[in-house]
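Data first, discussion second: the structure below is written as structure tokens.
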Amino acid sequence: MSFPLLTATAALPAIGAIATAAVPAARRTTAKWLALAVSLVTLVLAGVVFARFEPGGDRYQLTESHAWIKDFGVRYELGVDGIGVALLALTALLIPFVILAGWHDADPHGETTSRWRPTQGFFALILMVEAMVVLSFVATDVFLFYILFEAMLIPMYFLIGGFGDRAHAGSDENAAAQRSYAAVKFLLYNLAGGLIMLAAVIGLYVVAGSFSLAEIAEARANGSLDMATSTERWLFLGFFFAFAVKAPLWPLHTWLPNAMGEATTPVAVLITAVVDKVGTFAMLRFCLQLFPEASKWATPVIIVLALISIIYGALLAVGQRDIKRLIAYASISHFGFIVLGIFAMTSQGQSGATLYMVNHGLSTAALMLVAGFLITRRGSRLIADYGGVQKVAPVLAGTFLVGGLATLSLPGLAPFVSEFLVLVGAFSAYPVAGIVATVGIVLAALYVLVLYQRTMTGPVREGIGGMPDLKVRELAVALPLIALLIFLGVFPKPVTDVIDPAVQHTMQDVQKKDPQPEVEAAK
């Protein structure tokens, strides 16, 4: 039997999480280095997966299949396609930066180690989230995916509620209350979506007699599976609702600004750059593949919701006074672009949406982590407390600017390519939607440039004069992310070559072809 590479890639951070949690309380530094080492080895394994994946080969590669719960037809089935391998690589790439950026975020105040902020627990929870997210990107059994989809809420709940942002304005009691509120809201929203999805998962098994994507696809192809139209639509809605909460899509988005605002900055990156991608990924893998006719039926409404997310998220970002909440609302706008690209049902739109997931992860991580370094220095998340930073910390200001320019999709940086593809794909199928979505680009330029102007330019405000510039550890976080944003901005081919064949499979699932341009005959 061949080496189970996908299982190993997911199991290593899970084992590393247990080992990190078991490090003695007094050995905090050991726990940090162990967690970082595990994340780096996981990155190497993810690189091997990416290298071994053949874009022109089978749809699902490096497959594994083992009986799990025989009485219910549940199997431990794994396989990676082009979309999954890109997001798996993104996850493995970002986790070391998250760990480095949060190096001191869980250190106890003073010398005591008895408080509920153990360093070991913080890094163990991050590794456990990585394991579950990686496995969710390669799970090809619907029930297995559902278990992972729900289980990742547990470590995320503790990361949000137990390790809050120390730059919170107000008393410690108020900060704890806000963290608790954000964590519970995150959990309740996602549990509600998961419970509805559970009903749909059970319904799918009743109709199809299997949880396996391969078996369901084969049954659909040979005509042995024929869902009634109403049944398919109800099942689609059950799955889509859960994924729209996770994504998040308007109007199911309200948990995200609270969670990102109250969590530590690395955990905020973990939420929006890693965990939320499971929602949009699942729309492609499960909604479109399992319920193609229902997906086409729901497309007009979903496109409207995506457009609202784009405009609404950008408008609220413009009006924010809190740096982290501004980035959270910007992410809501960006997820609107991703959903628009998915349901435009064109190859350009879906390739752009998948590439957008990767590029959004990189750009948001760069901007949010540098913003976190800034907030740590000043002890405040309020934009009004900053000004003139570029005069005292030019490297910090420069990296913040590049992250911001990537967020507004400046040509030459990675998000521009994906946003352009999404708009081209949307416009070719739904011209009005493509035009409306471009408003989000204008608003993005507004909120990013205003943020930079108010925080980095102008006279040096009180409390900014002695601010140190980025240190070696912080440069090790910021510079590689910026280098990747530039590299993929000018040469996205390594990623698009992997994504495009998988997108063509999805287009075949929904039996859609790209609209052909109308060309007038020469007179």
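When reading the values below, keep in mind they use all heavy atoms of this one structure, side chains included, and skip hydrogens, waters and symmetry mates.
- One N or O on the side chain of Arg461 and one on the backbone of Ala384 form a donor-acceptor pair closer than 3.5 Å.
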Working for side-chain contact (heavy atoms from CB on, under 4.5 Å), residues Leu340 and Tyr430: CA-CA 10 Å; Leu340 175 64; Tyr430 302 95; over 6 Å; no
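- To the nearest 0.5 Å, atom CG of residue Leu159 and atom CD1 of residue Ile154 are 12.0 Å apart.
- Taking all atoms of both residues into account, the shortest heavy-atom contact from Glu130 to Pro13 is OE1-CB, 3.6 Å.
- Residues Ala242 and Gly193 share a closest heavy-atom pair of CB-O, 3.2 Å.
- Summarising the geometry, atom CG belonging to Leu367 is positioned 11.0 Å from atom CG belonging to Leu481; distances are rounded to the nearest 0.5 Å.
- Judged purely by atom type and a 3.5 angstrom limit, Ser309 has no side-chain atom pairing as donor or acceptor with the backbone of Gly336.
- Two residues are said to be in side-chain contact when any heavy atoms from C-beta on lie closer than 4.5 Å; Val142 and Phe239 meet this criterion.
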Worked verdict on Tyr312 versus His253 for ring pair (Phe, Tyr, Trp, His ring centres under 6.0 Å): CA-CA 11 Å; Tyr312 171 86; His253 67 283; 5.0 Å; yes
Tyr157 vs Phe186, ring pair (Phe, Tyr, Trp, His ring centres under 6.0 Å): CA-CA, chis, key distance, verdict: CA-CA 7 Å; Tyr157 169 79; Phe186 162 82; 8.0 Å; no
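- A donor-acceptor contact shorter than 3.5 Å links the side chain of Arg377 to the backbone of Asp469.
- Residues Phe373 and Thr265 form no side-chain contact, since every pair of their non-hydrogen atoms from C-beta on lies 4.5 Å or further apart.
- Proximity of a side-chain donor or acceptor of Ser351 to a complementary backbone N or O of Gln348 within less than 3.5 Å is not detected.
- Closest heavy-atom contact between Met128 and Pro155: CG-CG, 4.5 Å.
- The local environment of CZ in Arg233 is crowded, with over 12 non-hydrogen atoms from other residues, nucleotides or ligands closer than 6.0 Å.
- No donor-acceptor pair under 3.5 Å is formed between the side chain of Arg325 and the backbone N or O of Leu316.
- In this structure, a donor-acceptor pair under 3.5 Å is present between the side chains of Glu419 and Tyr356.
- The pair Lys246-Glu150 does not meet the salt-bridge criterion, since no charged nitrogen lies less than 4.0 angstrom from a carboxylate oxygen.
- Electrostatic pairing of Lys185 and Glu262 does not count as a salt bridge here, judged by no charged N lying under 4.0 Å from a carboxylate O.
- Counting heavy-atom neighbours within 6.0 Å of Phe427 CZ, excluding the residue itself, gives a total of 12 or less.
- One side chain, Thr272 or Ser331, offers a donor N or O that lies under 3.5 Å from an acceptor on the other.
- Across Gly352 and Ser418, no two heavy atoms sit closer than the pair O-CB, 3.5 Å.
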Verdict with supporting geometry, Thr496 and Leu355, side-chain contact (heavy atoms from CB on, under 4.5 Å): CA-CA 7 Å; Thr496 56; Leu355 187 60; 4.0 Å; yes
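- Rounding to the nearest 0.5 Å gives a distance of 7.5 Å between CG of Leu326 and OH of Tyr447.
- Contact annotation: the side chain of Thr407 approaches that of His334 to within less than 4.5 Å [non-hydrogen atoms, C-beta and beyond].
- Nearest heavy atom pair, residue Val422 against residue Ala353, reads CG2-N, 3.6 Å.
- Atom-to-atom distance recorded for Ile482:CD1 and Leu362:CG is 11.5 Å, nearest 0.5 angstrom.
- Panel note: side chain Arg473, backbone Leu100; a donor-acceptor pair is recorded below 3.5 Å.
- Between Lys471 and Glu474 there is no salt bridge, since none of the side-chain N atoms of the basic residue sits less than 4.0 Å from a carboxylate O of the acidic one.
- Taking the centre of each ring, Phe343 and Phe240 come in below the 6.0 Å mark.
- Separating the CE atom in Met507 from the CE atom in Met345 is a distance of 8.5 Å, to the nearest 0.5 Å.
- For the pair Ser39 (side chain) and Leu36 (backbone), a donor-acceptor distance under 3.5 Å is present.
- Judged purely by atom type and a 3.5 angstrom limit, Thr264 has no side-chain atom pairing as donor or acceptor with the backbone of Asp105.
- Residues Gln320 and Val450 have side chains not in contact (no heavy-atom distance under 4.5 Å, counting atoms from C-beta outward).
- Between the side chains of Ser380 and Tyr386, no donor-acceptor pair of N or O atoms lies under 3.5 Å.
- Side-chain contact between Met357 and Leu284: present, with at least one pair of heavy atoms (C-beta onward) separated by less than 4.5 Å.
- Proximity of Tyr452 to Gln390: side-chain heavy atoms (C-beta onward) are separated by under 4.5 Å at one or more points.
- Close placement of the Phe243 and Phe149 rings is indicated, their centers lying within 6.0 Å of each other.
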Criterion side-chain contact (heavy atoms from CB on, under 4.5 Å) on Phe241 and Leu252, from CA distance to verdict: CA-CA 9 Å; Phe241 181 85; Leu252 305 170; 3.8 Å; yes
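- Counting only heavy atoms from C-beta outward, the side chains of Pro266 and Ile99 never approach each other to under 4.5 Å.
- Within the 4.5 Å cutoff, side-chain heavy atoms of Leu408 are placed close to those of Leu449.
- Of the options Leu470, Thr399, Val370, Leu369, a side chain to side chain contact (heavy atoms under 4.5 Å, CB included) to Val477 is made by Leu369 and by none of the others.
- We find the CG-CZ distance between Asp385 and Arg378 to be 5.0 Å, quoted to the nearest 0.5 Å.
- Shown here for Ala371 and Phe400, the closest heavy-atom pair between the two residues is CB-CE1, 3.9 Å.
- Just one residue in the list Ile342, Leu423, Leu307 forms a side chain to side chain contact (heavy atoms under 4.5 Å, CB included) with Phe337, and that residue is Leu423.
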side-chain contact (heavy atoms from CB on, under 4.5 Å) between Met156 and Val129, intermediate numbers included: CA-CA 7 Å; Met156 287 306 306; Val129 171; 3.6 Å; yes
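- Not one N or O on the side chain of Thr91 forms a donor-acceptor pair closer than 3.5 Å with the backbone of Val274.
- The side-chain tip of Lys32 does not point at the ring of Phe123 from less than 6.0 angstrom away and within 45° of straight on.
- In terms of modelled atom types and a separation under 3.5 Å, the side chain of Asn359 and the main chain of Ala414 share a donor-acceptor contact.
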